[in-house]
Every structure is written in structure tokens, then in C-alpha cells.
Amino acid sequence: MSAVLPDSAPARARRPLRSPLLHPLAKPGLFVLCALPFAWLLYGALANQLGPNPAEALIRATGDWTLRFLCLTLAVTPLRQWTGQPALARFRRMLGLYAFFYAVWHFLAYAWLDMGFDPAAIARDIPKRPFALVGFTALLLMAPLAATSFNRAIKALGAARWQALHRSVYAIVLLGLLHFFWMRAAKNNLTEVAVYGVVIAVLLGWRVRQSAKSRASTP
């Protein structure tokens with residue numbers, strides 16, 4: 001007698017493969033990865049392993065990671081299109097919030113290690129130094145984006161107003177690049193600035209091109 005085999009195996013074979021980006025552990029895994037630079041900096045500070053000038057190392061590293069996360073946030077949409085992976089959009093909010101997280105720590109490191117948490121000294125220092133003023137302006141612009149990055153805020157503002165507000169990320173990343181340029185120009189070290197400049201130019205240029213194509217296709 002021959003047994004009748006269930007056709008579950010062919011059914012499984014026909015089932016489309018699920019993207020690993022949709023795995024339940026994908027978001028927690030990304031959260032941990034994004035927190036690793038901060039954990040390393042915290043460990044380095046506690047273990048006195050940040051070099052001869054730990055204050056400068058902390059301020060510089062948190063600023064670098066702010067700009068990196070801004071670039072990663074802007075990269076989600078073009079990467080989603082280029083790779084055909086719409087699930088990448090799941091991670092954009094987290095990357096943007098981490099950019100704000102590192103920006104806040106960048107400011108706190110400056111306020112504490114350079115200014116001794118003296119509000120009057122900070123208020124005097126920021127306006128007289130262009131790179132500090134540009135960086136602080138970028139941080140202020142990031143705050144409403146972080147505060148409205150949740151679904152309830154989207155419903156409260158409406159999709160159109162929410163999108164208009166969050167387009168300020170383009171100005172923020174340019175201010176961040178200018179802040180980075182002025183910081184590196186003082187030390188004649190512009191190699192990293194050029195790399196970030198190319199990356200940001202590609203990410204913003206792609207958006208300009210997409211916008212032009214959209215307008216051209218609209219009757």
C-alpha cells in the first residue's frame with residue numbers, strides 16, 4: 001500500500017521567501033548595533049582609554065556618529081528603491097532617533113567638558129563661534145523631528161504637514177556637514193569632510209532627481 005504524502009512541501013516551496021528585514025529580531029538587533037558606539041565611548045571614558053585628550057575624543061566621536069546616522073537615515077529611501085527591499089523603511093525612524101541621540105550627547109559633552117555646564121558661558125560661547133552656532137542650530141532643528149517621529153504625531157499633524165516638517169532633515173544634514181567642515185578646517189584635515197560631502201551630495205542629488213522626474217510626469 002502506498003502512502004499518500006501531504007502536499008505541504010510543494011506549498012512551502014511555492015511560498016515567497018520572507019525578507020530577513022521582517023524578522024522579529026531585526027529591529028532589536030539594529031537597536032543594539034546603533035547603541036554599540038555609545039557603549040564603547042562610555043567604556044572608554046570609564047576605563048580611561050580615550051587617549052591623551054578624552055574630552056576632545058568624546059566630543060568628536062559623538063559628533064561623527066551624529067553625522068553618520070543622519071546619512072544612514074537619508075540613505076534608507078534610495079536604498080529601498082535600489083535594492084527592491086521596501087522593508088528597509090521599518091528602520092528609518094530608529095536611525096533618525098539615534099542621530100538625535102548622538103547629537104544630544106555631542107552637545108552635552110561640549111556643555112560639560114568644555115563649558116562646565118555653565119549656562120551663561122555656553123550662551124556667550126555659541127554665538128561667537130560660527131561652527132558652534134551652526135551645530136547648535138542643527139540640534140534645535142532636530143528636536144521637533146524627534147518629538148514628532150511617532151504615529152500619533154503624524155495623525156495629529158496630518159501627513160502633509162508632517163512630511164513638510166521632516167523635510168528639514170535636508171537642511172540639518174547640510175548644517176551638520178558645515179559644522180564638521182569648520183571643525184576639520186581648523187586642523188587642515190578635510191579628507192573625511194570630502195567623503196561625507198560626496199555621500200550627502202549623492203543622497204540629496206537622488207532626491208532632487210526623483211522630484212524632477214515626478215514633476216515631469218505630472219500632466
Side-chain angles (χ1 to χ4, degrees), residues 33-76 94-147 166-207:
L33 284 175
C34 293
L36 285 179
F38 178 77
W40 169 249
L41 288 172
L42 182 61
Y43 166 76
L46 295 175
N48 196 24
Q49 293 188 4
L50 294 179
N53 192 340
E56 181 182 356
L58 276 172
I59 295 170
R60 177 176 174 174
T62 49
D64 289 349
W65 280 106
T66 300
L67 192 53
R68 289 167 189 162
F69 275 104
L70 282 171
C71 290
L72 286 171
T73 304
L74 288 175
V76 168
M94 186 186 299
L95 293 171
L97 287 171
Y98 260 110
F100 181 66
F101 171 80
Y102 282 101
V104 169
W105 278 105
H106 181 57
F107 175 75
L108 289 176
Y110 152 78
W112 174 30
L113 301 173
D114 274 4
M115 297 287 109
F117 276 136
D118 183 342
I122 295 169
R124 288 193 303 268
D125 186 63
I126 288 177
K128 71 181 183 183
R129 296 205 281 179
F131 76 89
L133 182 60
V134 164
F136 187 64
T137 301
L139 176 62
L140 291 179
L141 291 174
M142 292 175 75
L145 303 193
H166 280 252
R167 286 193 191 101
S168 62
V169 70
Y170 308 142
I172 290 166
V173 75
L174 290 173
L175 289 172
L177 181 63
L178 181 58
H179 175 73
F180 190 65
F181 166 77
W182 271 329
M183 291 289 292
R184 292 294 186 270
K187 300 181 179 180
N188 293 317
N189 181 9
L190 298 178
T191 303
E192 287 183 87
V193 177
V195 172
Y196 282 112
V198 170
V199 171
I200 291 169
V202 170
L203 294 174
L204 296 186
W206 179 85
R207 284 169 167 81

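Everything quoted here is computed from the prediction, not taken from an experiment.
Put simply, CG on Leu67 and CG on Leu175 are 11.5 Å apart, with the number rounded to the nearest 0.5 Å. For the atom pair Leu108 CG and Ile59 CD1, the distance stands at 11.0 Å (nearest 0.5 Å). The OH atom of Tyr98 lies 13.0 Å from the CG atom of Leu72; values are rounded to the nearest 0.5 Å. Here the straight-line distance linking atom CG of Asp125 with atom CD1 of Ile122 works out to 8.5 Å at 0.5 Å rounding. Expressed to the nearest 0.5 Å, how far CG of Leu145 lies from CE of Met142 amounts to 7.5 Å. Taken to the nearest 0.5 Å, the OH atom of Tyr110 stands 4.5 Å off from the CD1 atom of Ile126.
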Show which side-chain atoms of residues 200-207 pair as donor or acceptor with protein atoms under 3.5 Å away, not counting sequence neighbours.
from: Arg207; atom 1: NE; to: Tyr170; atom 2: OH; distance (Å): 3.4
from: Arg207; atom 1: NH1; to: Leu74; atom 2: O; distance (Å): 3.0
from: Arg207; atom 1: NH1; to: Leu203; atom 2: O; distance (Å): 3.2
from: Arg207; atom 1: NH2; to: Leu74; atom 2: O; distance (Å): 2.7

Run the numbers on Trp182 and Leu133 for side-chain contact (heavy atoms from CB on, under 4.5 Å), then give the verdict. CA-CA 11 Å; Trp182 271 329; Leu133 182 60; over 6 Å; no
Output, in order, the C-alpha distance, side-chain angles, deciding distance and verdict of side-chain contact (heavy atoms from CB on, under 4.5 Å) for Met94 and Phe69. CA-CA 10 Å; Met94 186 186 299; Phe69 275 104; over 6 Å; no
side-chain contact (heavy atoms from CB on, under 4.5 Å), that's the test. Do Asp64 and Tyr102 meet it? Break it down for me. CA-CA 9 Å; Asp64 289 349; Tyr102 282 101; over 6 Å; no
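Two residues are said to be in side-chain contact when any heavy atoms from C-beta on lie closer than 4.5 Å; Trp40 and Gln49 meet this criterion. Two residues are said to be in side-chain contact when any heavy atoms from C-beta on lie closer than 4.5 Å; Tyr196 and Leu70 fail this criterion. By the 4.5 Å heavy-atom criterion applied to side chains, Leu139 and Phe100 are counted as neighbours.
Between Thr62 and the options Trp105, Phe101, Phe38, a side-chain contact (heavy atoms from CB on, under 4.5 Å) holds for only Trp105.
Between Pro37 and Cys34, the shortest heavy-atom distance links the atoms CD-O, 3.3 Å.
Other residues, nucleotides and ligands contribute over 12 non-hydrogen atoms within 6.0 Å of the CZ atom of Phe117.
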